[in-house]
Each structure stands twice: as structure tokens, then as C-alpha cells.
**Q** 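Starting off with a structure, shown below.
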Amino acid sequence: MLALIDCNNFFVSCERIFEPGLKHKPVVVLSNNDGCIISRSQEAKDLGIKMGEPLFKARPVIEQAGVRVFSSNFMLYGDMSRRVMQILKTFGAVEVYSIDEAFVDLTHVPAADLEKCAATIRETISQHLDLPVCVGIAPTKTLAKAANHLAKKNPVYNGVMLLDTPAKQAVARRHLAVENIWGVGRRYAAKLHQHQVYTVADLVDRSPGWVYKHLGGVVGVRLRQELLGQPCQELDFKEAPARKNISCTRSFSQYITTLRELQEAVATYTSRAAEKLRQQRSAAKGITVFIRTNKFSVQAPQYHQSATVTLPIASADSGELIRYALQALQQIYQQGYFYKKAGVILSEFMPEHQVQTNLFDTTDRDKSQKLMQALDKINAKMGTNEWAVNVVGYATAGLKKDWKMTVSHRSDRYTTHWPEILKVNI
DNA sequence: TCTGGGGTCCTAGGACCC
DNA sequence: TCTGGGGTCCTAGGACCC
């Protein structure tokens, strides 16, 4: 048996820890650039505010109902997430699945104690961190996700749902809509509905061949097996494997028209991506740069272009990667457009100590590595400024950064930045 | 006026190899 | 008329996740 623990309205719940007065009140957290709503308290959901809805569309409801609005504060959420995972590790081996959820191996727990174990997990996280979570327990990952979903939707279960017997699983399959299953998105849901498949029970009644044909091949067949209680996806306790792509993309707070400013943005994003690259001890051979106009604007002329440059020798040096990124940018930049977003994607990784150089390489790799180490060390020690921008960086990345994203309502980074630590007045 | 960011996996088809 | 068999690698596109 395994458990899937998922934090309720995670980002909103993190905000509530440090401002308990927000409990039972409608609260939302925004995406980068204060664009969309990406986390909602139950009260906000009850007001009809949708996931992913643009802030300006929800504005009327927000003002009328006095909804509290926060910019995202990922430093805080990331730190709270680490704490949740630490607690979970005391219950069994943990596979961290996302910032707010994890699978926990409960094979060592006797069947009779599973329910109690789940309740203890909830209580511990509530007591130590003041975060509400739901627990779903089942023999497969997909069923555990489903159990968690049921626990969340029906308060009568007290945040815990066990699908430990075939009988309970059969009942759950009849109550679960296919669109709520892990691995079934909007497209597949519509397709399944067209074929009169509405519940999970309907789905597993179809033959594996039918599922293969209509649900993305082997992925769908595995899904069906898992829903029947036969594991196809093992728990994975290994360290998160190195990423195969690393990207940094952002919308600008205002339109950009000049190459000079785009260069600043692209250089900034490249250094950020390169930093992540060095953290996982990789070097990249491919770098893609894209720029685009505002895709939502109906009148403005649209332009969306990307270019990929292959480095002769894989690199993790910010300065070198920036040079290639700017070269790619040069290829795609067109004057006369109002640019709204740009991004950098690093690809074709290899371990940094296995980089294949060539005979004609004149770069001082040793020096570059030392420089990067010093850069990362200083930035790690000195932290980032209020815009989460490194203290030491490249001049091409600019200083003013007029285009940087909007962050109007961010709470303090209570647990990671000394100047922002919570102050209590007695 | 205002619309996020960062990932993964799988398949099909083409090019190529022996 | 009949035209092998087995494989890899790459890319684009489509789906999904949080």
C-alpha cells in the first residue's frame, strides 16, 4: 500500500500560516507577473473564481467580496514544501511528486493500522506546520491519487480515504468521473465522453485494445491496469534525476521594442538557467531562445520566433552561454513589434566532468569553472535582492530592468531571508 | 490596460545503418 | 507476379502533470 499526500490549496495555505487571520476568508495567490490566479482558498473557489483565471477578469468578484490577493512567493512555498517532505520521511520512504504532494511507501504498516497512520500524518503536519493535507491510500499510484481526490471533495471523510480492498475500489470507480483521473486531461476527457465513457468503471469495462486505441497507446493501458489495482508505476525513491531541459521564460511587465532591452532580458534568463544547470552539475550543448508578442492581443501584429544554437563544446559558463543566446536572439529579432515575452531553453546536457572538448578549443575551462564557482558562492551567500535578482551578475543583463515582472502583493519570505523574518510585537 | 512557468513521456514517420 | 529483416536515432506533434 502507498499513500498520496497532497496539501490543500497549498500556496494559499502557506500564506495563512503567517497571517492566521486569513483563515476562513477568501484568498488567492497569483502567477508570476501577477497575471493569473493559481491558488484559491475554498472560500475563493465558492465565489466562482476559476483556476488559471486572469486576475483582471476576476477583479469584480475580488473587489466585491474583499478577496485577499497575494503575488506568488516561491521562496516561502519551496521552504514549506521541504518541511512537509521532512515530516513525511518519518512515516516511510518518500517520492516527492511536486511542490505540494508526495507518495509515501506504507508497505511496512499493517493493514489494520493504515487508517490511523493516515490520520497521524494529517495531525503531525497540522501541528508542526499548520498546513491542511489530504491522504489517499491504495495499492497503486493512480488509485492513491483518486483516493486523495475523493478525500478532498467529501469533507465527511476527514481528509483520509482508503481504497485498500477490491470492493472499495469498485465503489470508487463508479463514483469517479474520468476527467478527474490522473493522466486524463481535457482532450482525453472529451474523447471518452464521445464514446459514452463517463466514470472510471465505464473505462475499465472497455478492453485494453480499445483503451490503447483511444487513450494514447501504452500510457492508457497502464492507466487502466492501475485503476484496476495492478501497479504499473513503481514508487521511485531515487534522487530526482538530472533534468533534460532547463528553461527560464518570463512575460514582461511592459512591452519591449528595442533589441537592447531584449538582450538584457535574454541575458538575465540565460544566467538564471545556467545557474540551475550548474546546480545539477551538467553542461549544455543546445540553447534555444524565443521571443514573442502578446498572443492575446487581437489588433497588434503577431510575431513568434525561436532559434536554436548548438555550441561546439558543451558549457555551463554563464558568460559563454549568454554570448550564444544573444547570437540566437540576433537571428530572430525583428524591429517594429511589441514584444511581451522571451525565454531561454537549455538542452542536450551531459555531466560537466564528461564534456568532450576538441583540438582547437582555446578556452581556459579551468578558469571558467573557478569563476562560476565564485559567482555561485557569492550569490548563495549574499542572496538575491528584493526582485530575486542575484547580487553579482553580468552587465549585459542590465541594471535597471524596466521590463522585469510585476510583483505587487508579495508576502515576506519569512523563513529564508533574515530581514523578512516574522516580527511579533508584545 | 491587464492573460504564468516549468517540466515529462509517447508515437509516428523519415532517414539511415548493416 | 514475386522485392528482407532488424535495428537506431532524430524530430515534430500531441498529450499530460503541477
Side-chain angles (χ1 to χ4, degrees), chain A residues 4 6-7 9-11 28-39 49-60 62-63 69-74 77-78 81 95-103 141-142 145 148-149 178-192 212-223 232-233 236 240-255 269 272-273 276-277 280 286 288 290 292-300 306 308 310 338 340-349 388 404-409:
Chain A
L4 187 267
D6 191 318
C7 301
N9 321 325
F10 184 54
F11 300 162
V28 298
V29 173
L30 305 177
S31 64
N32 275 340
N33 232 355
D34 291 348
C36 294
I37 290 156
I38 55 168
S39 180
I49 297 173
K50 300 267 182 317
M51 180 65 178
E53 197 175 4
L55 173 62
F56 73 92
K57 281 191 188 165
R59 190 77 81 181
I62 285 176
E63 278 169 10
V69 176
F70 287 92
S71 302
S72 42
N73 185 351
F74 284 107
Y77 312 151
S81 172
E95 175 185 339
V96 177
Y97 179 67
S98 78
I99 193 164
D100 76 328
E101 59 188 297
F103 292 100
K141 283 183 168 180
T142 310
K145 284 280 269 185
N148 190 287
H149 177 82
V178 279
E179 58 266 35
N180 293 325
I181 290 305
W182 188 37
V184 176
R186 266 226 307 276
R187 299 285 170 92
Y188 283 153
K191 208 155 144 190
L192 289 171
Y212 186 95
K213 191 167 164 224
H214 294 95
L215 216 63
V218 295
V219 186
V221 177
R222 274 187 217 145
L223 184 73
C232 299
Q233 304 184 61
D236 187 358
R243 304 244 169 263
K244 296 171 181 173
N245 295 292
I246 289 174
S247 51
C248 181
T249 72
R250 291 280 181 283
S251 301
F252 312 130
S253 54
Q254 44 192 280
Y255 290 115
Y269 303 164
R272 177 72 195 110
K276 290 193 237 171
L277 184 70
Q280 68 165 38
T288 303
F290 75 82
R292 69 166 315 141
T293 51
N294 182 0
K295 64 176 171 180
F296 297 102
S297 172
V298 275
Q299 327 95 317
S306 71
T308 302
T310 304
F338 290 91
K340 184 61 181 171
K341 184 174 181 175
V344 173
I345 301 152
L346 302 179
S347 56
E348 291 180 69
F349 296 167
K404 69 184 169 264
M405 62 185 191
T406 312
V407 185
S408 317
H409 321 279

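Numbered from 1 within each chain, the chains take letters A, B, ... in sequence-line order. For the numbers below, each heavy atom of this structure counts, side chains included, while hydrogens, waters and symmetry mates do not.
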**Q** Do Lys341(A) and Phe252(A) meet the cation-pi criteria used here (NZ or CZ under 6.0 Å from the six-membered ring centre, within 45° of the axis)?
**A**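 No, Lys341(A) does not lie over the aromatic ring of Phe252(A).
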**Q** Any side-chain N or O of Ser251(A) below 4.0 angstrom from OP1/OP2 of dG5(B)?
**A**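 The answer is yes; a side-chain N or O of Ser251(A) sits under 4.0 Å from OP1 or OP2.
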**Q** Less than 4.0 angstrom between a side-chain N/O of Lys341(A) and OP1 or OP2 of dT3(B), yes or no?
**A**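 For dT3(B), neither OP1 nor OP2 has a side-chain N or O of Lys341(A) closer than 4.0 Å.
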**Q** Looking at Lys191(A), I'd like to know whether one of its side-chain N or O atoms comes within less than 4.0 Å of OP1 or OP2 on dA15(C).
**A**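 The answer is no; no side-chain N or O of Lys191(A) sits under 4.0 Å from OP1 or OP2.
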**Q** Roughly how many Å is it from CZ in Arg222(A) to P in dT8(B), rounded to a whole number?
**A** 17 Å
**Q** Checking base pairs now: Watson-Crick or wobble, both atom distances under 3.5 Å. What partners dC18(B)?
**A** dG5(C)
**Q** So with a 6.0 Å cut-off around NZ of Lys276(A), is the heavy-atom count from everything else above 12?
**A** yes
**Q** When the distance from CG of Asn32(A) to C1' of dC2(B) is rounded to whole Å, what number comes out?
**A**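 To the nearest whole Å, that distance equals 15 Å.
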**Q** Near Phe338(A) CZ, under 6.0 Å, is it more than 12 heavy atoms from other residues, nucleotides or ligands?
**A** no
**Q** To the nearest Å, give me how far apart CG (Leu223(A)) and P (dC16(C)) are.
**A** 11 Å
**Q** Could you check how far CG of Leu215(A) sits from P of dC16(C), rounded to whole Å?
**A**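 Atom CG in Leu215(A) sits about 8 Å away from atom P in dC16(C).
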**Q** For dG4(B) and dC17(C), measure between their C1' atoms and round to the nearest Å.
**A**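 Nearest-Å result for dG4(B) against dC17(C) at atom C1': 15 Å.
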**Q** Could you give the CD-to-P distance, from Glu53(A) to dG4(B), as a whole number of Å?
**A** 13 Å
**Q** Any side-chain to backbone donor/acceptor pair from Ser31(A) onto Cys36(A)? Under 3.5 Å, distance only.
**A**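 Yes.
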**Q** Nearest to the side chain of Arg187(A), which nucleotide is it out of dC18(C), dA15(C), dC10(B)?
**A** dA15(C)
**Q** Tyr269(A) and Ala342(A): which non-hydrogen atoms are nearest, and at how many Å?
**A**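 Tyr269(A) and Ala342(A) have their closest heavy atoms at CE1-O, 3.3 Å.
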**Q** Separation of Asn33(A) atom CG from dT3(B) atom P, in whole Å?
**A** 7 Å
**Q** Is the distance from OP1 or OP2 of dG4(B) to the nearest side-chain N or O of Thr249(A) less than 4.0 Å?
**A**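 The answer is no; no side-chain N or O of Thr249(A) sits under 4.0 Å from OP1 or OP2.
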**Q** Within the 4.0 Å heavy-atom criterion, would you say Ile37(A) contacts the bases, only the backbone, or no part of the nucleic acid?
**A**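 Touches nothing.
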**Q** Mind checking whether Trp182(A) and Phe103(A) have parallel, tilted or perpendicular rings, split at 30° and 60°?
**A**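 Because their plane-to-plane angle lies in the 30° to 60° range, the rings of Trp182(A) and Phe103(A) count as tilted.
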**Q** Tell me whether the side-chain N/O atoms of Tyr255(A) come closer than 4.0 Å to OP1 or OP2 in dC2(B).
**A** yes
**Q** Considering just the side-chain nitrogens and oxygens of Ser72(A), establish if one lies under 4.0 Å of OP1 or OP2 belonging to dG4(B).
**A** no
**Q** Is Asn245(A) close enough to dG6(B) that one of its side-chain N or O atoms is under 4.0 Å from OP1 or OP2 there?
**A** no
**Q** Can you find a side chain N or O atom of Lys145(A) that sits less than 4.0 Å from OP1 or OP2 on dC18(C)?
**A** yes
**Q** Taking any heavy-atom pair under 4.0 Å as a contact, classify Arg59(A): base, sugar-phosphate, or nothing.
**A**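 If one applies the 4.0 Å heavy-atom cut-off, Arg59(A) turns out to touch nothing in the nucleic acid.
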**Q** Rounded to whole Å, how long is the line connecting atom CD of Glu95(A) with atom P of dC18(C)?
**A**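 Those two atoms, CD and P, are 13 Å apart.
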**Q** Using heavy-atom distances to pick each residue's nearest nucleotide on DNA chain B, tell me which of Leu55(A) and Val218(A) is more 5'.
**A**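 Comparing both residues, the 5'-ward one is Leu55(A).
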**Q** Atom CG of Asp6(A) and atom C1' of dC17(C): how far apart are they, to the nearest Å?
**A** 12 Å
